[in-house]
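Below you'll find the structure, written out as structure tokens, and then a few comments.
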Amino acid sequence: QLQLVESGGGLVQPGGSLRLSCAASGFPLAAYAIGWFRQAPGKEREGVSCISKSGVITNYVDSVKGRFTISRDFAKNTVYLQLSSLKPEDTAVYYCAARVMLCGNRPAVFAYWGQGTQVTVSS
């Protein structure tokens with residue numbers, strides 16, 4: 001079974017950067033579209049970005065466009081989310097998720113999930 005493990009979260013000041021990683025085991029990530037989601041306390045889980053199986057197609061929620069970049073390294077079986085120009089409102093637990101079909105932004109359509117990594121943006 002596909003297993004996903006996120007890493008790279010932490011505490012960063014506003015304007016700072018982090019790179020989140022989503023590493024897979026059990027199956028090649030190339031067989032899946034990968035999405036990044038985030039959930040802040042008291043809020044619903046929100047789709048942040050998604051990358052297609054080939055890596056050619058990417059999409060982002062409007063609030064992170066121009067600041068976050070999703071990419072995938074097939075050799076390392078890993079998907080990354082580069083977070084830049086971070087704002088306090090980006091504070092959340094970030095999850096990566098996988099689905100066999102095309103990219104989507106609804107959590108319900110993703111079958112496999114990691115355990116999440118905390119990102120806190122604060123001065």
Side-chain angles (χ1 to χ4, degrees):
Q1 180 170 328
L2 178 67
Q3 293 184 324
L4 303 174
V5 178
E6 302 96 335
S7 61
L11 172 63
V12 63
Q13 293 185 342
S17 299
L18 287 172
R19 188 177 77 161
L20 307 184
S21 300
C22 174
S25 61
F27 288 91
L29 267 187
Y32 302 88
I34 303 298
W36 281 97
F37 295 80
R38 64 186 180 185
Q39 189 165 19
K43 294 188 176 181
E44 292 186 354
R45 194 166 294 190
E46 171 190 37
V48 175
S49 183
C50 191
I51 188 166
S52 63
K53 297 179 188 180
S54 67
V56 172
I57 299 173
T58 60
N59 57 52
Y60 302 89
V61 68
D62 285 347
S63 60
V64 308
K65 284 181 180 177
R67 301 189 299 121
F68 292 7
T69 303
I70 192 170
S71 61
R72 60 194 312 161
D73 186 327
F74 294 100
K76 295 183 178 180
N77 215 29
T78 300
V79 170
Y80 302 99
L81 187 68
Q82 178 70 43
L83 285 58
S84 302
S85 301
L86 282 162
K87 304 175 181 180
E89 52 263 43
D90 294 318
T91 295
V93 178
Y94 283 71
Y95 301 88
C96 66
R99 68 183 306 234
V100 175
M101 304 297 286
L102 300 176
C103 265
N105 60 5
R106 292 186 298 118
V109 303
F110 285 79
Y112 306 97
W113 289 83
Q115 84 289 347
T117 185
Q118 176 71 47
V119 171
T120 302
V121 185
S122 175
S123 55

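Because the structure is a prediction, the values reported are computed rather than measured. Any value given below was found using the heavy atoms of this structure, including those in side chains, with hydrogens, waters and symmetry copies removed.
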Q. Is it the case that R45 places NZ or CZ above or below the six-membered ring of Y95, under 6.0 angstrom from the centre and within 45 degrees of the axis?
A. yes
Q) Is the NZ or CZ atom of R38 both under 6.0 Å from the centre of the six-membered ring of Y94 and within 45° of that ring's axis? A) no
Please examine the side chains of [Y] and [X], heavy atoms only from C-beta on, and report whether any two atoms are closer than 4.5 Å.
X	Y	value
L81	S49	yes
I70	V79	yes
L20	T117	yes
L29	F74	no
S71	Q82	no
N59	C103	yes
F110	C50	yes
E6	W36	yes

Q: May I have the step-by-step check of ring-ring contact (aromatic ring centres under 6.0 Å, His included) for W113 and F37, ending in yes or no?
A: CA-CA 10 Å; W113 289 83; F37 295 80; 4.9 Å; yes
**Q.** Heavy-atom neighbours of Q115 CD exceed 12 at 6.0 Å
**A.**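 Enclosed.
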Q | Enclosure of E44 CD (heavy-atom neighbours >12, cutoff 6.0 Å) | A |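 Check fails, neighbour count at 12 or below.
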Honestly curious: do [X] and [Y] fall in one hydrophobic cluster under the side-chain, below-4.5 Å linking rule?
X	Y	value
Y80	L83	no
V100	I34	yes
I51	V64	yes
V61	V93	no

Q. Could you walk me through whether R99 and Y112 pass the side chain to side chain contact (heavy atoms under 4.5 Å, CB included) check?
A. CA-CA 7 Å; R99 68 183 306 234; Y112 306 97; over 6 Å; no
Indicate the atoms forming the closest heavy-atom contact of [X] with [Y], along with that distance.
X	Y	value
S63	E46	OG-OE2, 4.2 Å
S123	P14	N-CD, 3.7 Å
A92	A40	CB-N, 3.8 Å
N77	A30	OD1-N, 4.5 Å

Q | Electrostatic pair K87-D90, nearest N-O below 4.0 angstrom | A | no
Q) For V56, does its backbone N or O pair with a side-chain atom of S54 as donor and acceptor, under 3.5 Å? A) yes
**Q.** T78 side chain vs D73 backbone, donor-acceptor pair below 3.5 Å
**A.** no
Q: Give the C-alpha distance, both sets of side-chain angles, the deciding distance and a yes or no for side chain to side chain contact (heavy atoms under 4.5 Å, CB included) between L2 and Y32.
A: CA-CA 10 Å; L2 178 67; Y32 302 88; 3.8 Å; yes
Q. Given V12 and T120, is the side chain to side chain contact (heavy atoms under 4.5 Å, CB included) satisfied, shown in steps?
A. CA-CA 6 Å; V12 63; T120 302; over 6 Å; no
Q) Rounded to the nearest 0.5 Å, what separation is found between the OG atom of S25 and the CD atom of Q3? A) 4.5 Å
